[in-house]
Amino acid sequence: MRSRILFIATVAMFVVKTAQAQTAPEWMAGYWLSCANSEQVSETWTSGGKDLLLGSNVTRAKDGTHFEMMRIGKGSGGGLSLFSSPDGVPPTEFALKSQDANRVVFENPTHDFPQRVIYARDGKNLIARIEGKMNGRDQAMDWRYAAAALNAQCAAK
């Protein structure tokens with residue numbers, strides 16, 4: 001009985017410690033710009049404290065301009081989640097899967113595509129990646145953003 005109580009206490013401490021470690025990745029805050037593949041993609045992330053980060057994405061591509069509103073905050077399960085709303089559709093929740101000092105992974109295995117959203121810091125750059133299955137095949141897309149002045153634009157080519 002004593003070992004069972006010790007086991008339960010250890011699991012409870014792990015759960016509390018894990019929940020405490022779930023804070024919004026403030027290293028994402030800023031204005032980020034990608035000028036690759038004939039697209040201009042900007043993401044703006046604003047910190048709202050330890051459990052809130054608000055984001056927007058504007059993509060200017062050959063097929064037009066697209067936008068996405070994002071929020072990292074408390075999810076339906078009580079932990080940290082990413083809520084993504086591209087082009088005005090209702091938001092989709094991606095629950096926190098893993099987090100460390102420079103990388104955060106969100107996942108929603110029931111979503112059509114993507115099933116995972118990953119952000120990482122690489123020095124002065126922000127890396128974004130989405131991945132999952134689409135039409136039964138593994139797919140992934142990556143963006144490498146540089147920190148930029150608010151509302152900076154890509155140079156005309």
Side-chain angles (χ1 to χ4, degrees), residues 14 18-48 50-157:
F14 174 77
T18 302
Q20 290 171 342
Q22 292 186 357
T23 59
E26 293 193 17
W27 45 262
M28 288 174 57
Y31 180 78
W32 304 95
L33 186 62
S34 173
C35 302
N37 303 320
S38 302
E39 291 184 333
Q40 174 178 298
V41 184
S42 63
E43 284 203 9
T44 307
W45 287 95
T46 303
S47 175
K50 70 177 185 165
D51 60 358
L52 180 64
L53 203 60
L54 300 175
S56 64
N57 173 298
V58 178
T59 300
R60 294 184 179 111
K62 292 176 186 173
D63 67 343
T65 300
H66 306 278
F67 71 95
E68 182 174 5
M69 303 307 295
M70 299 164 290
R71 173 174 57 93
I72 296 175
K74 296 286 183 194
S76 60
L80 204 60
S81 288
L82 166 70
F83 296 85
S84 172
S85 176
D87 292 324
V89 301
T92 299
E93 182 176 356
F94 295 84
L96 180 66
K97 175 80 173 171
S98 66
Q99 180 178 19
D100 63 32
N102 294 309
R103 187 171 189 264
V104 64
V105 178
F106 297 96
E107 190 171 75
N108 180 338
T110 65
H111 190 251
D112 55 0
F113 182 83
Q115 286 90 42
R116 275 171 305 293
V117 179
I118 303 162
Y119 281 96
R121 273 301 286 273
D122 180 18
K124 293 181 180 181
N125 296 309
L126 180 68
I127 310 298
R129 178 178 176 89
I130 58 174
E131 56 187 35
K133 289 202 180 291
M134 185 176 2
N135 299 325
R137 296 177 44 205
D138 288 335
Q139 301 286 325
M141 298 172 72
D142 297 282
W143 295 266
R144 183 176 189 86
Y145 298 100
L150 183 61
N151 296 322
Q153 305 290 309
C154 297
K157 294 183 180 183

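None of these values were measured; they are calculated from a predicted model.
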Q.
To the closest 0.5 Å, what do you measure between OG1 (Thr59) and CG (Asp87)?
A. 8.5 Å
**Q.** Asn37, CG atom: more than 12 neighbouring heavy atoms under 6.0 Å
**A.** no
**Q.** Asn108 side chain to Glu93 backbone, donor-acceptor under 3.5 Å
**A.** yes
Q | Flag side-chain contact, heavy atom, 4.5 Å: Phe67 against Asn57 | A | no
(Q) If you compare all heavy atoms of Asn125 against all heavy atoms of Ala146, which two are closest, and at what distance to 0.1 Å? (A) OD1-CA, 3.6 Å
Q | Test item: Gln153 and Arg60 side chains (from C-beta on) under 4.5 Å apart, heavy atoms | A | yes
**Q.** Min side-chain heavy-atom separation Cys35-Leu33 under 4.5 Å
**A.** yes
Q.
Please check: side-chain N/O of Tyr31 versus main-chain N/O of Ala152, any donor-acceptor pairing under 3.5 Å?
A. yes
Q) Just by modelled atom types, is the Ser98 backbone N or O under 3.5 Å from a matching donor or acceptor in the Glu107 side chain? A) no
Q: Taking all non-hydrogen atoms of both residues into account, name the closest pair between Ser84 and Phe94 and its distance.
A: CB-CE1, 4.2 Å
(Q) Please tell me whether Trp45 and Tyr119 form a close aromatic pair, meaning their ring centres lie under 6.0 Å apart. (A) yes
Q) Does some side-chain heavy atom of Asp122 sit less than 4.5 Å from a side-chain heavy atom of Arg144? A) yes
Q | Interatomic distance, Glu43 atom CD to Ser56 atom OG [nearest 0.5 angstrom] | A | 8.0 Å
Q. Could you state the interatomic distance from NZ (Lys50) to OG1 (Thr23), rounded to the nearest 0.5 Å?
A. 8.5 Å
**Q.** Residues, nucleotides or ligands: over 12 heavy atoms within 6.0 Å of Asp63 CG
**A.** yes
Q) So do the side chains of Glu131 and Asp138 get within less than 4.5 Å of each other, counting heavy atoms only? A) no
Q. With a 4.5 Å limit on heavy-atom distance, are the side chains of His66 and Pro86 in contact?
A. no
Q) Of all heavy-atom pairs between Gly75 and Ser81, which one has the smallest distance, and what is that distance? A) CA-OG, 3.6 Å
(Q) With heavy-atom distances below 4.5 Å as the criterion, would you say the side chains of Leu126 and Trp27 are in contact? (A) yes
Q: May I ask you to test the Glu39-Trp143 pair for a side-chain heavy-atom distance under 4.5 Å?
A: yes
**Q.** Test side chain to side chain contact (heavy atoms under 4.5 Å, CB included) applied to Met134 and Asp112, step by step
**A.** CA-CA 7 Å; Met134 185 176 2; Asp112 55 0; over 6 Å; no
(Q) If we ignore hydrogens and angles and just use 3.5 Å, is the side chain of Gln115 paired with the main-chain N or O of Lys133 as donor and acceptor? (A) yes
Q) Which heavy atom of Lys124 sits nearest a heavy atom of Trp32, and at what distance? A) O-CZ3, 3.3 Å
Q | Considering all heavy atoms, the nearest Pro91-Ser85 contact | A | CA-CB, 4.0 Å
Q) Does Cys154 offer a backbone N or O that forms a donor-acceptor pair with the side chain of Gln40 under 3.5 Å? A) yes
**Q.** Single hit among Leu54, Leu53, Ile72 for side-chain contact (heavy atoms from CB on, under 4.5 Å) with Ser47
**A.** Leu53
Q.
Looking at Asp100 and Arg103, would you say the former's side chain and the latter's main chain have a donor-acceptor pair under 3.5 Å?
A. yes
**Q.** Spacing of Thr46 atom OG1 and Glu26 atom CD [to the nearest 0.5 Å]
**A.** 11.5 Å
